[in-house]
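What follows is a single structure, written as structure tokens, with notes after it.
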Amino acid sequence: MHQVNPNRMFLSSPHMGGAERALVEEVFASNWIAPTGPMVTRFEEDLARLTGTGHVAALSSGTAALHLALRLSDVGPGDEVWGATMTFIGGVAPILYLGAKPVFLDVDPDDFLLDLDLLETQLKTARERGTLPKALITTDIYGHVIDGSRVAALRREYGFVWISDTAEAVGSYRDGQHAGKGADFIILSFNGNKIITTSGGGALASDNAEAIDRARFLSTQARDPAAHYEHTTYGYNYRLSNVCAAIGVGQLQVLVQRVARRRRIHSLYRERLGALPGFGFSGEAPGMQANRWLTTVRIGPQTRGLDSEAIRLALEADNIESRPLWKPMHLQPVFADASYFGGDVAAQAFAEGLCLPSGSSMSDNDVDRVCSIIEALARSR
Ligand SMILES: *Cc1c(COP(=O)(O)O)cnc(C)c1O
């Protein structure tokens, strides 16, 4: 963990609105300092409204939400779970918790979302071989939103459970619907570096009321109704604290402003750095309204020796944090044995890409500082 340093510019810092502290004080006054309580219920209702989903369970993390989604999908040893190779480990590690078999697919070069043409081709082949996946995880990476109507059509045709990892896309929309809409399960994260935060936390959303009831049961140690503790299965300790939920209720009140600010920061970067030869930014397909959680820039080969690592080091020398894109999962040692379908789109994006500081509390002046350092470096080549 970083030490708190007031002079450091972080990739994505927590950004409180103002109501959070009063809501936390309300929790203290009520003494609901527990992984249950009225703020948890209120947070769940607010999240259901935001995502346009019937039911929500607030949980301790996005990773926990994915674990529960896979368990509720009855994923177990030997089952295949397919997903995009460019993601964060928490968006796939639960596949291993359940002893299932991850299969990774390449992504679209423009927005790093799962390549749906490739997916369709591979599903067709898998059906012929009798090796269709039990579940598919689509990841709304960097706040971009997958084409949900197309995924839903593939689900009808091939019969998998669709889990939308929307951890990075809270406040993102496509065709007027919140990211994840239409999936069997939606995973949300409120980790400290996400667009809004509860310090740590997550949620599982679904239109299936029974599944969310079951998620609540499993997230509280699977206690059967009895005065003593009776267990016919095992669960987890995955509920969100009522204290953290209060922060979440406050954060949701400023989500719209947070998205607007991140989008503004994105366009400032694009205006300045887009003018440099070889610099490119991720696209928004028609109808997509990305939250621009992190602005990613790609530095192509036209830049005469300037690469993303040189830029990262130059920013670091000025106490500014930046980071490579997610390293593709099929290149991670832990997944050395996993199957992979696709080419080198994700690998190439990883080699050329950099996430720039994108926090909503950044000033225009901060963005200017980042751009000036990169421009100076580009000029010196
Ligand atoms: C953050 C994140 C998660 C996990 O969320 P946590 O709350 O940190 O457990 C999962 N998938 C993706 C793509 C993420 O960015």
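All ligand and atom numbering here is 1-based and tracks the order in the structure. Every heavy atom of this structure was used, including side-chain atoms; hydrogens, water molecules and symmetry mates were not.
- Side chain of D111 to main chain of L113: a donor-acceptor pair is present (N/O by atom type, distance under 3.5 Å, no hydrogens or angles).
- The list of ring pair (Phe, Tyr, Trp, His ring centres under 6.0 Å) pairs with a residue in residues 77-132, not counting sequence neighbours, reads H67-Y97, W82-F341, F88-W326, F104-F335.
- Residue-to-ligand polar distances place E168 within reach of ligand 1: an N/O pair is separated by less than 3.5 Å.
- Taking a 4.0 Å cut-off on heavy atoms, G201 registers as neighbouring ligand 1.
- At least one N/O-N/O distance between K194 and ligand 1 falls below 3.5 Å.
- Against a heavy-atom cut-off of under 4.0 Å, A167 is close to the following atoms of ligand 1: 2 (C), 3 (C), 10 (C), 11 (N), 12 (C), 14 (C).
- Against a heavy-atom cut-off of under 4.0 Å, S189 is close to the following atoms of ligand 1: 1 (C), 5 (O), 6 (P), 7 (O), 8 (O).
- Shown in contact with S61 at under 4.0 Å from a heavy atom are these atoms of ligand 1, numbered in order with element: 7 (O), 9 (O).
- There is a side-chain donor-acceptor pair under 3.5 Å between R262 and S12.
- A salt bridge links R8 and E316; the closest N-O separation between the charged side-chain nitrogens and carboxylate oxygens is under 4.0 Å.
- Ion pair D140/R174 not flagged as a salt bridge, since none of the NZ, NE, NH1 or NH2 atoms sits closer than 4.0 Å to an Asp/Glu carboxylate oxygen.
- Against a heavy-atom cut-off of under 4.0 Å, T63 is close to the following atoms of ligand 1: 4 (C), 5 (O), 6 (P), 9 (O).
- Taking every non-hydrogen atom of G91 and a distance limit under 4.0 Å, the qualifying atoms of ligand 1 come out as 10 (C), 11 (N).
- Set against the non-hydrogen atoms of T139, the atoms of ligand 1 under 4.0 Å away are 13 (C).
- The distance criterion of under 3.5 Å between nitrogen or oxygen atoms is not met by F88 with respect to ligand 1.
- Shortest contact from atom 12 (C) of ligand 1 to any protein heavy atom: D165 OD2, 3.5 Å.
- Judged by distance alone, with hydrogens and angles left aside, the side-chain atoms of D106 form a donor-acceptor pair with the main-chain N or O of V345 at under 3.5 Å.
- Taking the six-membered ring for Trp and thresholds of 30 and 60 degrees, Y236 and Y238 have nearly parallel ring planes, at less than 30 degrees apart.
- Under 4.0 Å is where a charged nitrogen must lie from a carboxylate oxygen, and between R312 and E309 at least one such pair does.
- The atoms of ligand 1 that sit less than 4.0 Å from any heavy atom of T87 are 13 (C).
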